[in-house]
Amino acid sequence: MTKLANYLEGRWQEGAGAGAPVLDPVTGETLATVSADGLDMAAAYAFAREKGGTALRALSYAQRAELLSAIVKVLQANRDKYFEISLKNSGTVQNDSGVDVDGGIYTLSYYAKLGSKLTAKALMADGTPDALARDNAFATQHILVPAHGLALFINAFNFPSWGLWEKAAAALLSGVPVVAKPASATAWLTHEMVKDVIDANILPTGALNIVCGRPAGMLDALDPLDLVSFTGSADTAASLRDHPKIKHEGVRFNAETDSVNSAILGPDADDDAMGLLVREVVRELTIKSGQKCTAIRRIMVPESRYAAVAAALADKLKGITVGDPRNENIRMGSLVSTSQRDAILQGISQLEACSDILFDGRKDIAIQADHANHAIVPPVVFGTTTPDTHPLVHQMEVFGPVATLMPYRDTDHALALARRGMGSLVASVYSNDSTFLAQAAVALAESHGRVHLINNDVAKVQTGHGNVMPQSNHGGPGRAGGGEELGGLRALRFYHRLAAVQGAPGVLEAIVN
Ligand code: NAP
C-alpha cells in the first residue's frame, strides 16, 4: 500500500502511523493512505519562505511564467495517468475528469501566457498619483509588491487538479511559494502531479510543497504575513476564520465555499431559451455528479413554463446512463465517497419532506455497477410552487446531482429569489430579450460573483454555467465565502501587498516608470 509522502523542506517525508485510507468510491478498494502526523510544519514553512520565496522573487514575472509553461508540459505528458487516477479515486468518467485535469492545465497555460508579457513595473503601479499638497509638491502613489510569506492552499475534494493549479498559477507567477494541502479523500491526484513537477526539477527548491492529511499545527505555524486560500464548506471556513492566526494576527484569508447557484429562464421564455436552460441544467446535474461548487441548485422559470420545464428535464434525465465509470456507455459516474453519498441522500430526504419530486433517478434510472457499496447516486429534481416560504431551498446546498425548480411571478420576483441564496458564485440567465438580460445582469451582480447570460447568439460558443474560466472572476459574496480568485491579472493581487507611497512626485515616478 502506497503511503503518500509529504514534500516539505526540499525532501519527501512520510507521516507517522498507518494513515487514513484514500478509497475508490465504486469498488471500495484502498488506493493509498495519507498521514501528516509528526511533521514539523514550522520548519517546513520557514524553508518555503526562505528558500522557495527568495528564489522565486529573484526571477522576473516573465521567467516565472516560463516555469508555468514548463509545468504545463510535464502535466500534459502525464495526462493519461491523471485520468486513470481520477477514474479510480474520484469515480469520474473521462469527460468529468477532463474538467479537473485539463481545466488545471488550461488555467496554468493561461497564466503562463499572461505572465510572459508582464513586467514588474507594469503590475506595480496601482492607479495614478494623487496630489497631497498644493501645486503637487507632495503626492501619493499606490504600489503592489509580491508578498514574502507563503501561500497555504487548503483545498476541497472535488477538484484535486484544477483546485491546486488555479491557485498555484497566480501564486507562483507572483513569486510566492506554495504549500498545498489537498482534501484527504482525493489527495492522490494532487500528490502525483506535484511529484511529477518536483521530479522534473522545474521550480526552485521550496517553491512547491505538499502535505497530505491534516498536520497538527498547520495554521499555528503560519506567520502574520502568510496567506491562506481555502476552498471547501462554509462550516470549515467558519472554523478556520476563528483561528487566532487569522482572527487576531491578520493572516490574509480567502474563502471559496458553498453556494446555491441559480439558473433563470427569462420572462419572454421562448422555446429556444427554454431548450438552452434545460440542456444546461441537465449538464450541471450530471457533470461530476453535481459535485461542483458552481453547479445549478435552483432553477427559476415563469409560472407559465413550470410544467413544461419539469417535463423536459425529466425527459432528458431519464436517458442518462449512471454507473461505474469504467463502463464505456456510462455518462455519469460516482460521488467521491460513501460518506458524501450518505450526506447527499440525507439532503435529498430533507428536501423531499418539503418539496415535490419532479424526477427521481433513484426510481427511474437503473445504476450500472457491480459493487454493492458504491457511492453512486442518480439525479433528483425537486419542485416547489411556494418558493417564498420554502424552508430549505435557498439555504441548503446538497453537493450532488440535486436541483430544485420553482416558478416566479415577474422579473422582480425571479431576481429576488436568486438573491435569497445570500451570495452565490454564479447565476445564469436564458433569454432572447437583450434588455432583460442586461437588467438581470446588473441586479444579480450585487449578490453573485459571476453572471452568465445566454441567448441564441452564444448558444454554441458559451463556456458553460459551471465552468470556471481563468479570464473571469471566481468567487461570490456573503454565503459563498466572500472570496475572489482568477479574473486575469486580478488574481495576482491576493499574492501582492498594496502600499500607499507618499513622497515627491519625481521620486514616485521613478518607482513606477
Ligand atoms: P471541507 O470538508 O470543508 O474540506 C475542505 C478542506 O478543508 C479539506 O482539505 C479538509 O481536509 C480541510 N479541513 C476540514 N476541516 C479542517 C480543519 N478543521 N482544519 C484544517 N483543515 C480542515 O469541504 P469538502 O467536503 O472537501 O468540499 C466540498 C465543499 O466545498 C462544498 O460545500 C463545495 O461547495 C465547496 N467548494 C467550493 C468551491 C468554490 O470555489 N467556492 C470549490 C469546490 C468546492 P481533509 O480532507 O483532510 O478533511
Side-chain angles (χ1 to χ4, degrees), residues 49 53-54 56-68 107-108 110-153 166-178 207 223-230 246 249-256 445-446 449-450 468-477 481-513:
R49 281 183 216 106
T54 307
L56 281 172
R57 287 194 307 276
L59 304 173
S60 66
Y61 288 90
Q63 286 169 323
R64 294 193 292 262
E66 279 173 26
L67 301 181
L68 299 187
T107 303
L108 272 169
Y110 168 78
Y111 277 100
K113 206 163 163 195
L114 264 193
S116 67
K117 300 179 208 117
L118 196 62
T119 62
K121 295 236 166 170
L123 194 71
M124 188 184 272
D126 181 72
T128 51
D130 265 324
L132 295 176
R134 197 178 294 167
D135 300 327
N136 198 26
F138 189 59
T140 186
Q141 165 73 57
H142 290 85
I143 64 166
L144 287 162
V145 294
H148 287 204
L150 62 86
L152 171 64
F153 301 155
E166 60 109 3
K167 295 179 183 182
L172 295 172
L173 184 56
S174 300
V176 174
V178 165
D223 268 0
L225 291 176
D226 288 332
L227 317 158
V228 176
S229 182
F230 169 78
I246 292 166
E249 294 189 31
V251 168
R252 186 180 282 177
F253 183 68
N254 191 75
E256 299 288 355
E446 181 262 339
R450 179 161 60 86
V468 176
M469 303 304 292
Q471 295 85 345
S472 300
N473 175 58
H474 173 60
E484 289 179 6
E485 288 177 354
L486 301 172
L489 286 177
R490 282 175 197 84
L492 273 60
R493 291 181 75 101
F494 183 75
Y495 303 98
H496 283 68
R497 300 282 175 192
L498 177 75
V501 183
Q502 301 174 330
V507 174
L508 298 183
E509 211 182 308
I511 296 172
V512 296
N513 287 321

Residues that Glu66 engages under salt bridge (charged side-chain N to carboxylate O under 4.0 Å, His left out), provided they are two or more places apart: none
Keeping Lys121 on the side-chain end and Asn513 on the backbone end, is there a donor-acceptor pair under 3.5 Å? yes
If I compare all heavy atoms of Gln63 with all of Ala58, which pair ends up nearest, and what's the gap? OE1-O, 4.4 Å
Ignoring hydrogens, what is the shortest heavy-atom contact between Thr107 and Pro470? Give both atom names and the distance. CG2-CB, 3.9 Å
Tell me, do His148 and Leu225 make a side-chain contact under 4.5 Å, heavy atoms counted? no
For the residue pair Ser116 and Ala62, what are the closest heavy atoms and their distance? O-CB, 3.8 Å
Which pairs would a plain distance check flag for residues 487-496, meaning a side-chain donor or acceptor within less than 3.5 Å of a matching protein atom at least two apart in sequence or in another chain?
residue: Arg490; atom: NH1; partner: Gly487; partner atom: O; Å: 2.9
residue: Arg493; atom: NH1; partner: Asp126; partner atom: OD1; Å: 2.9
residue: Arg493; atom: NH2; partner: Asp126; partner atom: OD1; Å: 3.4
residue: His496; atom: ND1; partner: Leu492; partner atom: O; Å: 2.7
residue: His496; atom: NE2; partner: Tyr61; partner atom: OH; Å: 2.7

Full working for salt bridge (charged side-chain N to carboxylate O under 4.0 Å, His left out) between Asp226 and Arg252: CA-CA 7 Å; Asp226 288 332; Arg252 186 180 282 177; over 6 Å; no
Please check if the side chain of Gln141 supplies one atom and the backbone of Gly127 the other of a donor-acceptor pair under 3.5 Å. yes
Contact between Tyr110 and Gln471 at the side-chain level, heavy atoms closer than 4.5 Å - yes or no? yes
Within 6.0 angstrom of Gln502 CD, more than 12 heavy atoms from elsewhere: yes
Side-chain donor/acceptor of Ser229 to backbone N/O of Phe153, under 3.5 Å: no
When every non-hydrogen atom of Gly175 is compared with those of Arg57, the smallest separation belongs to O-CG, 3.5 Å
Please examine the side chains of Arg450 and Met469, heavy atoms only from C-beta on, and report whether any two atoms are closer than 4.5 Å. no
Inter-residue atom distance Leu123.CG - Leu118.CG, 0.5 Å rounding: 5.0 Å
Please name the pair of heavy atoms, one in Pro505 and one in Ala137, separated by the smallest distance, quoted to 0.1 Å. CD-O, 3.6 Å
Spatial distance of atom OH (Tyr111) from atom OG (Ser174) [nearest 0.5 Å]: 9.5 Å
Can you check side chain to side chain contact (heavy atoms under 4.5 Å, CB included) on Leu56 and Leu67, steps first, answer last? CA-CA 10 Å; Leu56 281 172; Leu67 301 181; 4.3 Å; yes
Please report the closest heavy-atom contact between Arg497 and Leu227, naming both atoms and the distance. NH2-CD2, 3.6 Å
Quick one: are His474 and Glu256 in side-chain contact, heavy atoms under 4.5 Å? yes
Glu166 and Leu486, any side-chain heavy atoms less than 4.5 Å apart: yes
Looking at side-chain heavy atoms only, is the closest gap between Leu150 and Val176 below 4.5 Å? no
CD1 of Ile246 to CZ of Phe230: how many Å apart, nearest 0.5 Å? 10.0 Å
From Leu114 CG over to Leu68 CG, what is the distance, rounded to the nearest 0.5 angstrom? 10.0 Å
Please confirm whether the backbone N or O of Leu59 pairs with a side-chain atom of Arg64, one donor and one acceptor, at under 3.5 Å? yes
Are side-chain heavy atoms of His142 and Val501 found at a separation under 4.5 Å? no
Rounded distance (nearest 0.5 Å) linking atom CG of Leu508 with atom CD1 of Ile143: 9.5 Å
Hey, are the side chains of Val228 and Asn254 touching, using non-hydrogen atoms and a 4.5 Å cut-off? no
